[in-house]
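A, B, ... follow the sequence lines: proteins, then strands. Residue 1 opens every chain.
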Number of protein chains: 2
Amino acid sequence: MATKTAAQKRAQAKEAYDAFMASCPSRQLLDRISDKWVALILAALGGESPSMRYSELSRRLAGVSQKMLTQTLRSLERDGLITRTVTPTVPVTVTYELTDLGLSLHQLMYGIKEWAEAHMDEVLTNRDNYDTQHA
Amino acid sequence: MATKTAAQKRAQAKEAYDAFMASCPSRQLLDRISDKWVALILAALGGESPSMRYSELSRRLAGVSQKMLTQTLRSLERDGLITRTVTPTVPVTVTYELTDLGLSLHQLMYGIKEWAEAHMDEVLTNRDNYDTQHA
DNA sequence: CAGAATCCTTCACGATACTG
DNA sequence: CAGTATCGTGAAGGATTCTG
């Protein structure tokens, strides 16, 4: 078939786009990192307590559903950013801890967090100005 | 009414949670920053070209819908991270540029991007190991 | 060119219930 | 305690059409 339907062209454009993105190695990880639960878990685990139990994390990130918590923890474990350790007590004890790789990312994330805290007021002021000017 | 329904308790718990989160100033900004389009726009604008037109951005971030692009640009402008300049040519020309505030965040984001590129292989290896061990 | 407005889909996420 | 499994929904986001 020489001619292509609009749907086919769209499909190909999508593929070409994906291929292009795949050639940009940072993109995949960037998408994964750009997740608020990832940021919060990394922040929690990089804090004062080197390792935390599931229930501790659950409390620390108050508001997270266990589904999202488990899901995010799994993906972080899969990527080698955290370790999951099961201690066969009764009931079972599970602890999570940053790997060296995870720690290195935590450092950077911490910078972002600091930036947010440092410039929060400035941003709020900017928003007020914008809103009044576009009222 | 002295007693509360489960729905009411949930609503209150949600408010309490929101209040708690509001007391953490970094949280709001963190959520906004933890967005892949934000990261990509900041990366694009912080690159070689100091200012970019709407269409340039649209091409550079191939795959982004104009809805998401416009929406994200607006919020960044509102927060004072970028400026929007309209030049009344025919047709109209609109350029976007990082503010000093936006530039400071860009620096940090750039670190994250570099991290992602540097550790991409390691992460992919970790994923393979995880997948084979959990096959 | 640079959007605004609308419709429509999907899927991310929360709520709930169950288990080793 | 630390999850897994299932279901239902709302809201994010894409496609499309229209405009100054």
_Gap separating the OG1 atom of Thr95(A) from the CE atom of Met52(A), nearest 0.5 angstrom_ =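 So the OG1 of Thr95(A) and the CE of Met52(A) are separated by 11.0 Å.
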*How many angstroms lie between CG in Leu81(A) and NE2 in His106(A), if you round to the nearest 0.5 Å?*
12.5 Å
[atom1] of [X] versus [atom2] of [N]: gap in Å, rounded?
X	N	atom1	atom2	result
Asp35(B)	dA12(C)	CG	C1'	15 Å
His134(B)	dG3(D)	NE2	C1'	14 Å
Met52(B)	dA2(C)	CE	P	11 Å
Gln71(A)	dT4(D)	CD	P	11 Å
Leu69(A)	dG14(C)	CG	P	11 Å
Leu40(B)	dG13(D)	CG	P	13 Å

Below 4.0 Å: OP1/OP2 of [N] and any side-chain N or O of [X]:
X	N	answer
Arg84(B)	dA2(C)	no
Tyr96(B)	dG3(C)	yes
Tyr54(A)	dT4(D)	no
Ser65(B)	dG13(D)	no
Ser55(B)	dA2(C)	yes
Arg53(A)	dA2(D)	yes

Any idea which of [options] is nearest the [X] side chain?
X	options	value
Lys67(B)	dG13(D), dA15(C), dA2(C)	dG13(D)
Met68(A)	dC13(C), dA2(D), dG20(D)	dC13(C)
Trp37(A)	dC1(D), dA2(C), dG14(C)	dG14(C)

*Scan Gln66(A) against the nucleic acid and name what it touches under 4.0 Å (heavy atoms): base, sugar-phosphate only, or nothing.*
base
Charged N to carboxylate O under 4.0 angstrom, [X] versus [Y]?
X	Y	answer
Glu117(B)	Lys113(B)	yes
Arg53(B)	Glu97(B)	no
Lys36(B)	Asp35(A)	no

_Which is more 5' along DNA chain D, the nucleotide nearest Pro91(B) or the one nearest Pro91(A)? Just name the residue._
Pro91(A)
*Want to settle it: does Arg59(B) or Thr70(B) sit nearer the 5' end of DNA chain C, counting the closest nucleotide to each?*
Arg59(B)
